[in-house]
Amino acid sequence: KLFSHSSYSRFVCNEFSDQDRRVFFSFFDVSNDQREFFKIDLQYFREIEKVEGLYLEPTTTLLEGTKNGLRLLAIYYQDKIYTFKDNDWNIVKALVVQASSNRMLITDHPRCHFPMDSFVGVSQCLLHHDSIIYKLLLPHFYLQLPLDFAALYVSKSMALNNQSEIYTPLSSTKNGFLNALRIAFRGLENNSSFKEYQFRLAPQKIYGKYGDFLEIYWWAIYQYVNKLISSTEINLDDLKEWSRNLHFMIPGFPSFEELQKEDTLARVLTSFIHNVSIEHSADHKSYAGQSFYKVPLRIRKNLPHTQDH
């Protein structure tokens with residue numbers, strides 16, 4: 001259930017590259033188009049610098065959707081496909097789980113953090129503090145900037161993984177973390193699992209119960225915000241500089257012209273509130289609920305090598 005009922009379901013992708021299809025061709029049944037396949041792509045760890053003595057392995061995992069959730073079919077690792085028939089199956093599965101744990105902290109979850117810093121800073125400076133929009137957003141501002149400043153610049157930050165500090169659980173170095181951030185926001189070319197960051201005007205489609213939970217909350221917030229905006233006289237000219245700056249700073253943020261269309265403003269405000277107050281905390285709650293014994297951040301044991309089997 002790790003990849004269908006928790007924040008790890010963010011990784012589940014149903015878009016396969018030509019390379020994926022070549023690797024897993026024997027599992028795709030062309031005579032049965034009712035079967036639904038998914039992957040978890042961790043190949044980008046080839047580009048992430050690791051702490052010496054720790055492992056962070058590139059893998060691709062093939063899953064099949066069933067009425068009860070996801071079924072694990074195979075794992076591609078070191079140019080070999082592993083299944084439950086292989087002696088090293090449990091080791092390879094552990095590598096996937098451990099790398100996924102690191103991916104959550106250094107790539108996927110940071111997308112909840114840093115784009116919203118610009119939103120908070122610009123809103124504090126350019127929104128009229130007696131406006132209904134500012135009052136709506138204000139309760140969600142208080143923690144964002146101090147938290148992200150600490151994550152990026154305080155030496156004890158877990159993200160920086162300074163090995164001279166007490167709590168340094170990641171398998172990546174500081175440079176590895178910063179490279180993972182680059183991938184998180186710029187994406188990887190021709191890789192459907194790592195798309196360029198875009199500010200969302202609708203709930204993100206995430207597989208499974210966790211995605212359903214986040215989407216339900218997004219629409220609940222939207223209904224309240226849209227009703228408030230629709231029933232309040234708002235001078236959109238007051239938002240011109242605000243939207244112009246955020247359109248420049250945050251990829252996908254609508255321009256001032258787009259902001260005036262239909263319910264775009266309500267969707268913008270909804271996405272911010274949902275991101276900082278629901279999605280962010282839900283990720284933390286879900287991640288913290290996983291046992292480090294079952295979902296480790298570090299592995300130090302010898303790994304299987306294809307040529308040995």
Side-chain angles (χ1 to χ4, degrees), residues 1-4 6 8-33 35-66 69-108 170-173 176 179-180 183 187-195 207 290 292-309:
K1 292 184 177 181
L2 181 66
F3 295 106
S4 59
S6 77
Y8 288 80
S9 56
R10 292 182 178 280
F11 309 158
V12 177
C13 176
N14 63 356
E15 298 179 40
F16 290 86
S17 67
D18 291 341
Q19 169 67 10
D20 295 328
R21 293 189 178 278
R22 284 193 293 269
V23 167
F24 295 117
F25 76 94
S26 62
F27 292 89
F28 293 113
D29 185 356
V30 295
S31 64
N32 183 2
D33 59 5
R35 297 179 70 187
E36 190 174 21
F37 294 99
F38 302 91
K39 70 173 181 178
I40 297 169
D41 189 341
L42 302 172
Q43 292 292 338
Y44 84 116
F45 280 120
R46 297 180 189 277
E47 303 180 28
I48 304 302
E49 184 179 84
K50 307 164 187 64
V51 175
E52 186 176 357
L54 301 179
Y55 293 99
L56 200 53
E57 298 299 294
T59 62
T60 306
T61 300
L62 181 66
L63 305 159
E64 181 180 7
T66 72
L70 295 171
R71 183 165 71 96
L72 175 59
L73 297 178
I75 299 170
Y76 179 63
Y77 171 56
Q78 291 186 342
D79 297 322
K80 177 181 176 179
I81 293 177
Y82 288 85
T83 70
F84 69 93
K85 297 178 182 179
D86 291 286
N87 292 334
D88 294 317
W89 179 234
N90 287 332
I91 294 176
V92 177
K93 284 195 298 181
L95 294 177
V96 171
V97 172
Q98 179 250 352
S100 296
S101 187
N102 280 269
R103 174 180 163 175
M104 173 60 68
L105 293 182
I106 67 176
T107 307
D108 288 70
L170 298 179
S171 296
S172 60
T173 64
N179 191 23
I183 292 171
L188 289 174
E189 188 176 359
N190 299 322
N191 190 318
S192 55
S193 291
F194 299 92
K195 296 181 179 180
Y207 177 87
Q290 310 302 325
F292 279 137
Y293 295 106
K294 296 181 179 180
V295 189
L297 278 164
R298 291 184 162 187
I299 291 182
R300 295 180 181 274
K301 57 192 297 186
N302 293 328
L303 302 181
H305 294 284
T306 304
Q307 62 266 28
D308 297 333
H309 299 278

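Owing to the predicted nature of the structure, the values given are computational and were not obtained by experimental measurement.
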* To do: Taking the side chain as every heavy atom from C-beta outward, state whether Asn179 and Glu49 have any atom pair closer than 4.5 Å.
  => no

* Asked: Yes or no on ring-ring contact (aromatic ring centres under 6.0 Å, His included) for Phe37 and Phe27, after CA distance, side-chain angles and deciding distance?
  -> CA-CA 9 Å; Phe37 294 99; Phe27 292 89; 8.2 Å; no

* Salt-bridge test for Lys195 and Glu15: reply yes if a basic N is under 4.0 Å from a carboxylate O, no otherwise. => yes

* Compare every heavy atom of Leu73 with every heavy atom of Leu63, then report the nearest pair and how far apart it is. => C-CD1, 4.3 Å

* To do: Describe, in one word, how the ring planes of Phe3 and Tyr8 are oriented to each other, choosing from parallel (under 30°), tilted (30 to 60°) and perpendicular (over 60°).
  => perpendicular

* To do: Hey, could you give me the OG/CZ distance between Ser4 and Phe38, rounded to the nearest 0.5 Å?
  => 10.5 Å

* Asked: Where do Ile75 and Ile81 land on the side-chain contact (heavy atoms from CB on, under 4.5 Å) test, with the steps shown first?
  -> CA-CA 6 Å; Ile75 299 170; Ile81 293 177; over 6 Å; no

* Asked: Who are the side-chain hydrogen bond (donor to acceptor under 3.5 Å, both in side chains) partners of Ser192, not counting sequence neighbours?
  -> none

* Any Asp86 side-chain heavy atom under 4.5 Å of Lys80 side chain -> yes

* Heavy-atom side-chain proximity of Asp108 to Arg103 below 4.5 angstrom -> yes

* Asked: With a 4.5 Å heavy-atom cut-off, do Thr60 and Leu42 have their side chains touching?
  -> no

* Asked: So, do Tyr55 and Arg300 sit near enough that their side-chain heavy atoms are less than 4.5 Å apart?
  -> no

* Asked: Which value, rounded to the nearest 0.5 Å, describes the distance between Arg10 atom CZ and Met104 atom CE?
  -> 6.0 Å

* **Interatomic distance, Leu72 atom CG to Glu64 atom CD [nearest 0.5 angstrom]** => 11.0 Å

* Structure fact -> Between Pro296 and Ser101 the two heavy atoms that sit nearest each other are O-CB, 3.5 Å

* How long is the gap from CG on Leu54 to CG on Asn102, to the nearest 0.5 Å? -> 9.0 Å

* Listed partners of Phe25 passing side-chain contact (heavy atoms from CB on, under 4.5 Å), at least two apart -> none

* Give the ring-plane orientation class for Phe194 versus Tyr44, where under 30° counts as parallel, over 60° as perpendicular and anything between as tilted. => tilted

* Provide the closest heavy-atom pair for Leu56 versus Ala99 in the form atom of the first, atom of the second, distance. => CD1-CA, 3.9 Å

* List the atom of Thr173, the atom of Lys50, and the distance in Å for their closest heavy-atom pair. => CG2-O, 3.4 Å

* Taking the six-membered ring for Trp, are Tyr76 and Phe24 parallel (under 30°), tilted (30 to 60°) or perpendicular (over 60°)? -> perpendicular

* Asked: What heavy-atom pair brings Ser17 and Lys39 nearest, and what distance separates the two atoms?
  -> N-NZ, 4.3 Å

* Below 4.5 Å, heavy atoms only, C-beta onward: do Val51 and Ser171 meet side chain to side chain? -> no

* Determine whether Leu170 and Ile106 make a side-chain contact, defined as any pair of heavy atoms from C-beta on separated by less than 4.5 Å. => yes

* Where do Tyr82 and Lys93 land on the side-chain contact (heavy atoms from CB on, under 4.5 Å) test, with the steps shown first? -> CA-CA 9 Å; Tyr82 288 85; Lys93 284 195 298 181; over 6 Å; no

* Structure fact -> Closest non-hydrogen atoms of Ala180 and Thr107, given as atom of the first, atom of the second and distance, are CB-OG1, 3.5 Å

* Asked: So, the side chain of Ser100 versus the backbone of Val96: is there a donor-acceptor pair under 3.5 Å, distance only?
  -> yes

* Please walk me through it: do Phe28 and Phe16 pass ring-ring contact (aromatic ring centres under 6.0 Å, His included)? -> CA-CA 11 Å; Phe28 293 113; Phe16 290 86; 5.4 Å; yes

* For Gln290 and Ser6, run side-chain contact (heavy atoms from CB on, under 4.5 Å): C-alpha distance rounded to whole Å, both residues' side-chain angles, the deciding distance at 0.1 Å, then the answer. => CA-CA 9 Å; Gln290 310 302 325; Ser6 77; 3.7 Å; yes

* Asked: Under a 4.5 Å cut-off applied to non-hydrogen side-chain atoms, are Leu70 and Tyr207 in contact?
  -> yes

* To do: Might you work through the side-chain contact (heavy atoms from CB on, under 4.5 Å) test for Ile48 and Ile183, ending with a clear yes or no?
  => CA-CA 10 Å; Ile48 304 302; Ile183 292 171; 4.2 Å; yes

* Structure fact -> Sorted by chain and number, sequence neighbours left out, side-chain hydrogen bond (donor to acceptor under 3.5 Å, both in side chains) with Asn191 holds for Asp41

